[in-house]
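Heads up, the thing below is written out as structure tokens.
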Amino acid sequence: MKKNTVITTIIGRGAECNGDFNAEGSVRVDGVINGDVKVTGTLIVGATGSINGDVDAQSAVVGGEIIGDLTVTDRTELTSTARLIGNISTVVIVIDENAIFQGSCNMNQEVPGKRQKPASKAIRAGKRSAKEAIEEALKEVEAANREETSEASASEDKKDVTYI
């Protein structure tokens, strides 16, 4: 969570909202929301907060419970008291040690356009190093073959010697 987040809406402890909830800016939930939640800023679900529905936000810090899918365009954090039953789609995720998360996480980052090509110098250097590695391996094989050949001829020479 950004240090300078200004909370514009609070669903307090003991409050219950039945139905979909939309808000501009950042929201803190310490009560209960039964419905889908859409927030343009940061969504903070306190330790006593609970959401039963899908969530869509720019960033999220979850300390309470969410039963539903979470779609976040920036950063998602599940604190040690968090309980999330549903799927997460986000760019960055932080899950504390004792958080409960049951679902799948999708962190696909859509990259517009084609993948950037590596610099031609890097390609040439890679080809050169691969070529050098192949040449070195061939030299090692040739040396091993020469040793085998010289050992075989040495043993052949011993067979030809007659001892009297």
Side-chain angles (χ1 to χ4, degrees), residues 1-138 140-141:
M1 183 175 86
K2 295 177 184 175
K3 301 269 188 224
N4 58 0
T5 300
V6 176
I7 298 173
T8 57
T9 306
I10 297 174
I11 305 294
R13 188 179 205 170
E16 186 173 332
C17 176
N18 291 308
D20 294 346
F21 178 82
N22 297 311
E24 295 286 325
S26 297
V27 175
R28 179 171 177 107
V29 177
D30 289 316
V32 177
I33 298 176
N34 293 310
D36 294 343
V37 175
K38 184 169 185 164
V39 176
T40 60
T42 301
L43 173 68
I44 302 168
V45 181
T48 61
S50 176
I51 298 175
N52 297 303
D54 294 338
V55 175
D56 188 0
Q58 180 181 357
S59 61
V61 178
V62 181
E65 178 180 77
I66 296 177
I67 299 176
D69 294 341
L70 186 62
T71 304
V72 177
T73 57
D74 191 17
R75 181 178 194 266
T76 302
E77 181 178 347
L78 302 180
T79 68
S80 61
T81 57
R83 182 172 182 257
L84 183 103
I85 310 299
N87 302 319
I88 298 174
S89 178
T90 188
V91 176
V92 176
I93 189 163
V94 177
I95 302 176
D96 283 353
E97 186 174 338
N98 292 319
I100 297 170
F101 168 50
Q102 182 177 344
S104 66
C105 181
N106 181 354
M107 293 179 65
N108 285 339
Q109 298 177 5
E110 299 294 324
V111 179
K114 293 183 179 180
R115 191 181 112 191
Q116 189 177 14
K117 291 183 179 180
S120 59
K121 279 186 178 181
I123 292 171
R124 284 193 299 268
K127 285 181 181 176
R128 247 185 270 130
S129 64
K131 185 178 178 183
E132 290 169 358
I134 291 170
E135 288 173 354
E136 185 179 329
L138 288 173
E140 289 175 5
V141 169

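Residues: numbered from 1 along the sequence shown. Just the heavy atoms: all of them, side chains too, but no hydrogens, waters or symmetry mates, feed the values below.
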Requested in this report: Classify the side-chain pair Asn87/Ser104 by whether it contains a donor and acceptor separated by less than 3.5 Å.
Outcome: yes
Query raised in the report: Mind checking whether Val29 and Phe21 have side chains closer than 4.5 Å, heavy atoms only?
Result: no
Starting at [atom1] of [X], measure out to [atom2] of [Y] and round the result to the nearest 0.5 Å.
X: Thr76; Y: Leu70; atom1: OG1; atom2: CG; answer: 5.0 Å
X: Ser89; Y: Asn106; atom1: OG; atom2: CG; answer: 4.5 Å
X: Asn18; Y: Asn34; atom1: CG; atom2: CG; answer: 5.0 Å
X: Ile95; Y: Ile100; atom1: CD1; atom2: CD1; answer: 12.0 Å
X: Ile88; Y: Leu78; atom1: CD1; atom2: CG; answer: 5.0 Å

Requested in this report: Return each pair, listed once, that meets side-chain hydrogen bond (donor to acceptor under 3.5 Å, both in side chains) where at least one residue sits in residues 20-29; pairs must be two or more places apart or across chains.
Outcome: Arg28-Asp30
Report task. Could you pull out all residues at least two apart from Asp96 that satisfy side chain to side chain donor-acceptor pair (under 3.5 Å)? Result -> none
Query raised in the report: Can you list the residues that meet the side chain to side chain donor-acceptor pair (under 3.5 Å) rule with Thr79, with sequence neighbours excluded?
Result: Thr81
Query raised in the report: With a cut-off of 6.0 Å (strictly less than), are more than 12 heavy atoms of other residues, nucleotides or ligands near CD of Gln102?
Result: no
Report task. Check Val72 against Gln58 and note the closest heavy-atom contact, atom names and distance. Result -> CG1-O, 3.1 Å
**Report entry** Closest non-hydrogen atom pair between Ile93 and Cys105, with its separation
**Finding:** CD1-SG, 4.0 Å
Report task. Show your working on side chain to side chain contact (heavy atoms under 4.5 Å, CB included) between Val37 and Ile66 and close with a plain yes or no. Result -> CA-CA 11 Å; Val37 175; Ile66 296 177; over 6 Å; no
Query - Option from Thr73, Asp74, Thr42, Thr90 for which side-chain hydrogen bond (donor to acceptor under 3.5 Å, both in side chains) with Ser59 holds - result: Thr42
Query - side chain to side chain contact (heavy atoms under 4.5 Å, CB included), paired with Asn52, selected from Ile85, Asp36, Ile67 - result: Ile67
Query raised in the report: Within the side chain of Asp69, is there an N or O that forms a donor-acceptor pair under 3.5 Å with the backbone of Asp54?
Result: no
